[in-house]
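The figures here come from the full heavy-atom set of this structure, side chains too, leaving out hydrogens, waters and symmetry mates. Chain naming here is simple, since letters A, B, ... match the order of the sequence lines and numbering starts at 1 in each. Please read all numbers here as calculations on a predicted model, not as lab measurements.
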Number of protein chains: 2
Amino acid sequence: MNQTARPAQEPASAPAHDRVYRTLRTRIMHGEITPGVALTLRGIGGEFGVSMTPAREAVRRLAAEGALFLSSSGRVTTPELTNERIEELAALRALLEVELASRALPRAHMALIDRLQTINSNVAEMVSKRDAVGYIRTNLEFHRTLYLRAQAPAMLAMAETVWLQLGPTMRALYGRLRRTDPPQNHRLIIAALKAGDEPGLRLAVRSDVTQGLRLLAG
Amino acid sequence: MNQTARPAQEPASAPAHDRVYRTLRTRIMHGEITPGVALTLRGIGGEFGVSMTPAREAVRRLAAEGALFLSSSGRVTTPELTNERIEELAALRALLEVELASRALPRAHMALIDRLQTINSNVAEMVSKRDAVGYIRTNLEFHRTLYLRAQAPAMLAMAETVWLQLGPTMRALYGRLRRTDPPQNHRLIIAALKAGDEPGLRLAVRSDVTQGLRLLAG
DNA sequence: CATCCGGTCATGTGATCACAAATCCTGGCG
DNA sequence: CGCCAGGATTTGTGATCACATGACCGGATG
């Protein structure tokens, strides 16, 4: 019971299980946890200064979203994805995110495009610094910023679930990635947004989403 | 402690929280719970003869899947969907299920089509009997049987999540439905499967998925 | 008669404990 | 040297309890 200090971000309501859940979630989504490692409820509880009960809730919630794998005996690990599963999740990303981008297009004002360009420069910086976690984080921020304009919360939530499942593997993907080229597809996305070119946007998003995963599963 | 009798389906391993989860899940998916009603952890625990702990886990898991709504104070109710949300979920169904059907098409042998026709006659029977829950159950069984052939478990899981969110509202939808016509779109789906007609299949699935929800949100 | 305030009750949260099962380590046997 | 058995330990599960908070119902007051 030492972590009672408010992390300067939680205004008032911060149930313990929710704090644990959110922290673990972003960790997994950003690829900060390598696939296959085992987590223990007591360990998590100890790290966050809480008992097993909130730790268990957070873990089960993440398992329900596919972010963690529960063995038959209840042991919890971060999942190791098969190639088929990776391809399937990539197809899901394509399906969902193309639709989200398409819905965001008519609402994409100049202010949004500016923000996307700013984020994109951050992405490029992360690539040049070879910061894997930073790259994943800013890359997802780029996509989320665009999709928020689609006004489709359920669809966005599903896309985030897919990101979550891909998180640990994305990190491994980045490790194999030897290039330092800036995100070309992101520029195509921005260009299509500016031009109001829906087919071009769909194609650009599909390429951006598919390319990385392709080489991992190849 | 009345339901201690094994439901004749659980061989040995039946963790309490999992039993509670599965039971509540099918109840919700089949529309047996009307939207807006409140559930209590102690109430659920009492019904299943378990303590609050497994009940809480089951509820949180369902909430993570969007099947239940948690108020800010932790109160749990089955969600009441807005029209926008319903339209969005219908669009998700169309997106996911068209893809699933398309992937199932090349693997659809005659035995599968026979099974689909059998299930479809059950659907028709439920419609004629005005059995809302039975209709929803057999209708979902029809779709699931087809999509299982797609060999895409992650995609199927997402589709089921959408069904889950739509469950309580589907029941209300059926209440407004005055017709007793047999499922026309199901026959179109079967015909397209027989003919190996992919565009026709996509169209038929999209229509089947969209038509019902359209009149509810209209 | 509406409104606001009071307390009582129900409900979720989280800690702790007992228990069973799975895992792991170790020592002995082939 | 490899393999298996057996016990110690770790780990998840579920029950119970104390506590805080929000809901609900009552009456008193304007």
What closest approach, in Å, do Val162(A) and Leu89(A) show between heavy atoms, and which atom pair accounts for it? CG1-O, 3.7 Å
Output the single nucleotide from dT11(D), dG14(C), dG22(D) whose closest atom is nearest the side chain of Arg75(A). dT11(D)
Atom CZ of Arg19(B) to atom C1' of dT13(D): distance rounded to whole Å? 13 Å
On DNA chain C, compare the nucleotides closest to Ser71(A) and Pro54(A); which residue's is nearer the 5' end? Pro54(A)
With sugar-phosphate meaning primed atoms plus P, OP1 and OP2, does Leu39(A) contact a base, only sugar-phosphate, or nothing at under 4.0 Å between heavy atoms? sugar-phosphate
Base of dA15(C), side chain of Thr53(A) - is there a donor-acceptor contact under 3.5 Å? yes
Mind calculating the distance between CD (Glu57(A)) and C1' (dG12(C)) to the nearest angstrom? 9 Å
With respect to the side chain of Thr40(B), which nucleotide from dA15(D), dT11(C), dG14(D) is positioned closest? dT11(C)
Write down the distance between CG (Asp18(A)) and P (dT13(C)), rounded to a whole number of angstrom. 10 Å
If you look at every heavy atom in Leu146(A) and Ala101(A), which pair is closest and at what distance? CD2-CB, 4.2 Å
With respect to the side chain of Val76(B), which nucleotide from dG14(D), dG12(C), dA22(C) is positioned closest? dG12(C)
Return yes if the base of dG14(C) and the side-chain atoms of Arg56(B) contain a donor-acceptor N/O pair under 3.5 Å, otherwise no. yes
Taking the side chain as everything from C-beta on, heavy atoms only, tell me whether Leu116(A) gets closer than 4.5 Å to Thr145(A). yes
The side chain of Ser51(A) lies closest to which of these nucleotides: dG14(D), dG12(C), dT16(C)? dT16(C)
Nearest-neighbour nucleotide for the Met52(A) side chain, dT13(D), dT13(C), dT16(C) considered: dT13(D)
Roughly, in whole Å, what's the span from NE2 in His17(B) to P in dG14(D)? 5 Å
Nearest whole angstrom, please: distance from the P of dA23(D) to the CG of Leu41(B). 16 Å
Interatomic distance, CD@Gln117(A) vs CG@Leu193(A), rounded to 0.5 Å, equals 10.0 Å
For the side chain of Arg42(A), counting heavy atoms from C-beta on, which of dT13(C), dA23(D), dT11(D) is nearest? dT11(D)
Could you give the CZ-to-P distance, from Arg60(A) to dG14(D), as a whole number of Å? 8 Å
Nearest whole Å is fine: how far is dT13(C) P from Arg61(A) CZ? 11 Å
Picking from dA23(D), dG14(D), dG14(C), the nucleotide nearest the side-chain atoms of Pro15(A) would be dG14(C)
Suppose we call two aromatic rings close when their centres sit under 6.0 Å apart. Are Tyr147(B) and His143(B) close by that rule? yes
